[in-house]
Structures are given as C-alpha cells and as structure tokens.
Number of protein chains: 2
Amino acid sequence: MTDRPAGSTSPKALNIAREVRRRIVEREWRQGERIPDEADLAIEFDAARATVNKALQLLADEGLLDRRRRAGTRVTVNPTRKATVSISIVREQVEQAGMAYSYRVVAQRRSPVPADIAARLALPEGKLLVHMRAVHYGDGRPFQFEDRWINTCSAPGLEGVDFWQLNANEWLVQNAPYLHAELAFTAANADRREARLLQTRQGQALLIMQRTTWNDLGPITTVRVACQPGHLISTDGGYARSSWPRGETRTPDTP
Amino acid sequence: MTDRPAGSTSPKALNIAREVRRRIVEREWRQGERIPDEADLAIEFDAARATVNKALQLLADEGLLDRRRRAGTRVTVNPTRKATVSISIVREQVEQAGMAYSYRVVAQRRSPVPADIAARLALPEGKLLVHMRAVHYGDGRPFQFEDRWINTCSAPGLEGVDFWQLNANEWLVQNAPYLHAELAFTAANADRREARLLQTRQGQALLIMQRTTWNDLGPITTVRVACQPGHLISTDGGYARSSWPRGETRTPDTP
DNA sequence: GGCGCCTCTATGTCTATACTTATCTTGCGT
DNA sequence: ACGCAAGATAAGTATAGACATAGAGGCGCC
C-alpha cells in the first residue's frame with residue numbers, strides 16, 4: 001500500500017544502491033574487496049558521479065561499505081549494522097495500538113537531585129529540579145511508568161505549567177525541542193512501587209528505557225520509563241529509508 | 001580529539017542544518033510553522049539549492065522537519081525522533097570494553113523448529129534447522145547467552161562449518177550479509193538455564209535482544225540474546241553525525 | 001634502510017541548471 | 001454552488017563541471 005519500490009521506477013540512486021547491495025549480498029563483491037570507483041560505476045549505470053556517490057554514501061551509512069579518500073571503496077569486513085528506534089510520544093504509541101489512552105500523575109514536586117541523576121545530567125547534586133512520576137495507561141491497563149526529572153532552567157515557559165493536568169511528555173516534546181539526546185535500554189526487576197503501579201508482581205522483569213535530552217541551555221529532562229511486562233521495542237528495517245512491509249507481510253512460503 | 005566542527009569550516013550543508021536546527025530549538029521557527037522554501041534559504045545562506053536540500057533532508061530524517069512537495073517545509077508538531085543502535089559482533093563489544101573475549105558452545109544440533117520460531121521466520125513448523133546455544137564471556141565472566149536458529153537454506157556454505165569451533169555470530173556476519181533485519185528489545189526473568197549460564201539467580205531481570213535477518217533466499221537466522229544483568233544498550237547521539245562536546249559545556253551555574 | 005616530502009587519485013563537497021512530480025490554488029463551466 | 005481542469009509552486013531528483021582534501025604510494029635524500 002505504501003509503495004512498491006518497483007526495482008526500476010524508483011529514484012536512480014536507490015536503484016544503484018539496491019544493485020550494489022545485491023552484489024554484496026550475493027557475494028559477487030566479497031568482504032574486504034575493493035569495488036570499482038565512482039567514475040566507473042557512473043559509466044556502468046549511466047548516471048552522474050553525484051548520483052553514484054549518493055548511492056554509495058547510503059550503503060556506507062548502512063555499514064555495508066567502507067569508503068576512504070584515495071583508498072577507494074571496499075566492502076566492510078565486520079559490518080556494524082545500524083538499526084533505528086523511533087521514539088514517539090506515549091499517547092501515540094497507545095492509540096496506534098488501538099487502545100484508549102489515559103494518564104495519571106502519581107507524584108510531583110520540586111526536590112533536590114540525588115547523586116546518580118545529578119551525574120547523568122551533569123548538574124550539581126542537590127539542585128532543585130521538578131521530579132514527577134506518572135503512569136500511562138492503554139484501555140485502563142498500565143502501559144508505562146515514568147520517573148522524570150525536569151530542569152526548568154533549560155525549559156523556559158515551564159514555570160507556569162501544571163503537570164497535574166498536562167502531560168509532561170507531550171509538553172516537552174512540543175515545547176522543548178532538544179539538540180542532543182541519549183537513550184539506553186536495560187532491564188530491571190520491578191520493585192514494590194513499580195509492581196503496584198504497573199499492576200504486576202514484584203520482581204517481574206521490566207524493560208527500562210532511560211532517556212536524557214539537552215539543548216543549548218543544558219540538560220532538559222531525564223526520564224526512566226518502565227514498560228509493562230512483555231513490552232517489545234522494535235526497530236525499523238535493516239537499511240535506512242527502506243520501506244519494508246510493515247510486519248504483517250509474512251511471506252508465506254520460501255522455496 | 002575526534003573533530004572540531006568549528007561551526008563554520010565544516011561542510012556547508014551541515015552548517016545550514018545546524019543553523020536551521022538552532023532556529024527550531026530556540027523557537028524562532030515554531031512547531032507547525034512553515035519555514036522559507038529552499039530557494040529563499042539558498043539565497044540567505046549563499047548556497048545552491050541542492051545544498052540547502054541536503055541540509056533540510058537531513059533534518060527531515062532526524063524527524064525535525066516535515067516536507068511535502070508543493071506544500072513546503074514545516075517544523076514537525078510531534079517530532080518522532082530517531083535513535084540508532086549499532087549492532088556489532090559480540091567479540092568486538094567485549095574487547096572494546098577492555099576484556100578478554102571467550103566463547104563456549106553449550107549445545108548444537110539440527111532440530112525441528114517450534115511454532116513460535118517458525119512463525120518468526122515464516123517457515124513451516126517442524127522444518128529442520130540448526131539450533132545452537134552459546135555463551136559469550138568477557139574476562140571469563142558471562143556476557144551474553146544466545147539461543148540461535150539458523151536456516152541453512154539461506155546460508156550456503158554453512159553446511160561444512162563446525163560451530164563447535166567457529167563463532168556462529170562472526171561466521172554469519174562475515175559470510176551471510178543480509179538484506180533485511182528485524183531487531184527487538186524486551187525483558188524477561190532468567191529461567192533456570194539462563195541463570196546457570198549467566199551465573200546469576202533465577203528470576204533476575206535480563207535484557208533480551210531478539211534479532212532476525214533475511215536475504216533474498218529467505219530467513220537466515222534468528223537469535224535471542226540474553227544479556228548479563230545490568231547490561232545497558234545505548235544509542236548514538238540525538239541527531240546523525242552529531243558531535244556533542246563530551247563534557248565541557250557543563251553550564252556549571254544556572255541562575 | 002628509513003624518513004619525510006611530493007604527487008596523484010578517489011572521494012567529499014558544492015554549484016548551476018534542468019526537468020519531474022505531487023499537490024495546493026484558482027478559475028472556469030455547468 | 002459545486003465539481004473539475006488548468007496552472008502554479010515547492011520539493012525531488014538528476015547532471016556536468018569544478019574544486020577541495022585525505023591519504024596511499026613513490027621518490028629522493030640522508
């Protein structure tokens with residue numbers, strides 16, 4: 001439905017990229033081998049060098065090619081492939097799953113940052129930040145529990161906002177675009193509070209997502225999100241801008 | 001050390017991207033607002049339209065801009081920002097952490113695929129695949145436990161390989177480049193086997209990474225990796241190729 | 001032989017130009 | 001009023017040409 005990258009009618013650069021990728025995957029060009037230079041490929045594919053360049057850059061970004069000036073382009077030996085995780089606001093995630101979204105603030109107050117959070121934010125320990133805890137629900141069932149610290153200094157306009165009413169997540173996304181973000185995943189056993197708020201048992205393994213954002217004024221917010229048990233975070237396709245079937249296209253047979 | 005993107009001597013397209021990003025972050029151009037078209041920006045920045053295009057494409061990929069033909073470019077309302085996880089071979093991860101890598105195969109045999117794995121691979125249930133379990137160690141301590149299914153049909157040349165000796169992970173990376181990959185994270189409580197192999201207690205929360213790769217012949221391999229307790233998977237910076245000052249802009253005071 | 005300088009090459013980047021394509025706008029005809 | 005077609009516009013893509021620059025390889029000097 002989205003599109004059918006029909007192998008020949010899509011943009012030329014993508015066709016070239018696809019063909020080069022094919023040659024690598026089918027081992028016509030093997031790991032570590034040098035491939036023809038841009039000028040030659042331009043002739044072969046009857047394209048301008050800039051177009052070939054674009055295609056090869058794409059594959060280099062994917063991690064399939066190694067390119068160096070003067071040395072030429074070669075197939076990566078131990079490809080470090082990249083996958084991208086898309087972080088959208090929770091409400092959208094929930095609604096996209098066809099559930100009704102709701103949200104409850106569990107606690108909110110200004111308090112001094114503990115050492116670990118301070119370190120993460122590179123702020124002096126004990127500085128007063130807004131600390132809040134909230135639960136996001138889908139169809140009334142707990143979806144995520146977030147424990148967030150907000151640095152009002154980096155989020156002008158935040159003073160007058162009442163997070164008991166407004167969703168901090170969305171307010172920040174819409175009003176405090178960031179320059180830099182860090183994101184990490186880990187797992188942890190649910191403690192008493194998490195178990196209660198996520199309506200599960202203590203000790204249950206939870207996927208933890210930790211996220212910190214900065215702008216030019218400094219750290220904006222750091223949040224630790226505990227996902228409902230069994231929650232899955234999946235990444236986009238194997239190569240950038242690919243438009244692989246959204247998942248359900250279970251190719252039924254494989255000869 | 002790495003580089004000093006001195007704000008003006010780096011590639012023109014990146015400078016433009018940086019400036020546009022700044023205008024968005026500092027809310028000169030607000031969410032939903034339409035920004036000047038490429039031609040105008042080209043004039044303003046004294047660049048060719050192609051250069052501006054490149055810059056804006058970059059920001060669109062980051063999720064900061066929404067671009068549509070004829071409609072122009074506007075600042076995304078609810079930016080869905082993307083982060084990328086880099087997946088390299090385990091040995092490199094371990095060695096990069098300054099530890100000595102080792103590896104032990106726990107089990108390997110051909111066996112019929114159970115239903116869940118079959119579904120994931122879109123293969124008929126019961127098909128004979130290579131099933132193996134292995135543990136990766138860093139400095140002798142368990143680092144990851146992997147449970148892998150390999151479809152020999154999609155990995156020609158694999159027949160003659162002895163995985164009791166060779167590292168499957170590396171063999172596959174080097175010999176079976178893929179066209180498409182799926183990657184997902186979740187958390188699970190360690191079962192008896194996992195607890196034993198990872199030298200932890202049963203019930204310990206583990207970060208689970210599930211990965212499946214495909215080439216044009218079909219599914220190649222699917223693997224479920226259980227990481228050592230506390231393991232953190234972190235993503236690259238908030239925007240592509242960013243190089244945030246690794247520490248000096250620590251605004252020490254915030255009035 | 002080893003070190004450093006020079007050269008030449010393949011990629012990196014930009015430009016000006018042109019054409020394509022999606023889609024918003026306008027205006028015409030009924 | 002309404003629907004539809006024509007036009008205009010902004011992004012998408014490609015191209016030829018140019019210059020910049022990293023860096024591999026060769027040369028010569030000591």
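Naming: A, B, ... by sequence-line order, numbering from 1 per chain.
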Q: May I ask you to evaluate whether B/Asn53 reaches the phosphate of D/dG12, defined as a side-chain N or O under 4.0 Å from OP1 or OP2?
A: yes

Q: Could you check how far CG of A/Asp66 sits from P of C/dT11, rounded to whole Å?
A: 13 Å

Q.
Distance check needed: D/dT9 C1' versus B/Arg67 CZ, whole Å only.
A. 14 Å

Q: Describe, in one word, how the ring planes of B/His180 and B/Trp214 are oriented to each other, choosing from parallel (under 30°), tilted (30 to 60°) and perpendicular (over 60°).
A: tilted

Q: Would you mind reporting whether A/Phe45 and A/Thr51 have side-chain heavy atoms less than 4.5 Å apart?
A: no

Write down the protein N/O and nucleotide N/O pairs, taken from nucleotides 20-22 of chain C, whose separation is under 3.5 Å; answer none if there are no such pairs.
{"unit_1": "C/dT21", "atom_1": "O4'", "unit_2": "B/Arg69", "atom_2": "NH1", "d": "3.4"}
{"unit_1": "C/dT21", "atom_1": "O3'", "unit_2": "B/Arg69", "atom_2": "NH1", "d": "3.1"}

Q | N/O donor-acceptor pair, side chain A/Arg68 with base C/dG12, under 3.5 angstrom | A | no

Q.
At less than 3.5 Å, do the side-chain atoms of A/Arg49 and the base atoms of C/dG12 form a donor-acceptor pair?
A. yes

Q) Roughly, in whole Å, what's the span from CG in B/Leu59 to P in D/dG12? A) 12 Å

**Q.** A/Ala47, nearest nucleotide to its side chain (from D/dT15, D/dA11, D/dG12)
**A.** D/dT15

Q | Residue A/Ala71, side-chain heavy atoms: nucleotide from C/dC14, D/dA11, D/dA24 that is nearest | A | D/dA24

Q | Selected nucleotide, minimal atom distance to A/Lys12 side chain, candidates C/dT13, D/dA14, D/dG12 | A | D/dA14

Q) Judged by atom type as modelled, is there a donor-acceptor pair below 3.5 Å linking the side chain of B/Thr84 to the main-chain atoms of A/Ala83? A) no

Q: Please round to 10 degrees the angle between the axis of the first five pairs and the axis of the last five pairs in the helix from C/dG1-D/dC30 to C/dT30-D/dA1.
A: 0°

Q: Just say parallel, tilted or perpendicular for the rings of A/Tyr103 and A/His136, cut-offs at 30° and 60°.
A: tilted

Q.
Tell me whether B/Arg81 forms a cation-pi arrangement with A/Tyr178, defined as NZ or CZ under 6.0 Å from the six-membered ring centre and within 45 degrees of its axis.
A. yes

Q: Return the nearest nucleotide to the side chain of A/Thr73; candidates are C/dT11, D/dA11, D/dA14.
A: C/dT11

Q. Within this structure, what is the CG-to-P distance between A/Leu58 and C/dT11, rounded to whole angstrom?
A. 16 Å

**Q.** Check: B/Lys54 side chain, B/Ala17 main-chain N or O, donor-acceptor pair, under 3.5 Å
**A.** no

Q) Starting at the 5' end of DNA chain D and moving along, which residue's nearest nucleotide shows up first, B/Ala50 or B/Leu56? A) B/Leu56

Q: Heavy atoms only: give me the nearest A/Thr186-B/Leu232 pair and the separation to one decimal.
A: CB-CD1, 3.6 Å

**Q.** Spacing between B/Ile43 atom CD1 and C/dT15 atom C1', to the nearest angstrom
**A.** 15 Å

Q. Would a distance-only check, ignoring hydrogens and angles, find a side-chain to backbone donor-acceptor pair under 3.5 Å from A/Asn15 to A/Ser10?
A. yes

Q.
Any carboxylate oxygen within less than 4.0 angstrom of a Lys/Arg side-chain nitrogen, looking at B/Arg67 and B/Glu38?
A. yes

Q) So what does A/Arg74 touch, heavy atoms closer than 4.0 Å: a base, only the sugar-phosphate, or nothing? A) nothing

**Q.** Shortest non-hydrogen separation from A/Pro177 to A/Ile220 and the atoms involved
**A.** O-CD1, 4.1 Å

Q.
Please determine whether a side-chain nitrogen or oxygen atom of A/Thr51 lies at a distance below 4.0 Å from atom OP1 or OP2 of D/dT13.
A. no

**Q.** Gap between atoms NZ and C1', on B/Lys54 and D/dG12 respectively (whole Å)
**A.** 15 Å

(Q) Between P on D/dT13 and CZ on A/Phe45, what's the gap in Å once rounded to a whole number? (A) 18 Å

Q | Nearest-nucleotide pick for A/Gln57, side chain only, options being C/dA10, C/dA16, C/dT13 | A | C/dT13

Q: Could you tell me the separation between the CG atom of A/Leu14 and the P atom of D/dG12, rounded to a whole number of Å?
A: 13 Å

Q: Under 4.0 Å between any heavy atoms, over every strand shown, what does A/Asp46 touch: base, sugar-phosphate, or nothing? Just pick one.
A: sugar-phosphate

Q: Quick one: label A/Ala39 by what it contacts on the DNA or RNA (base, sugar-phosphate, nothing), any heavy atom closer than 4.0 Å.
A: nothing

Q. In this structure, are over 12 heavy atoms from other groups packed under 6.0 Å from B/Arg23 atom CZ?
A. yes

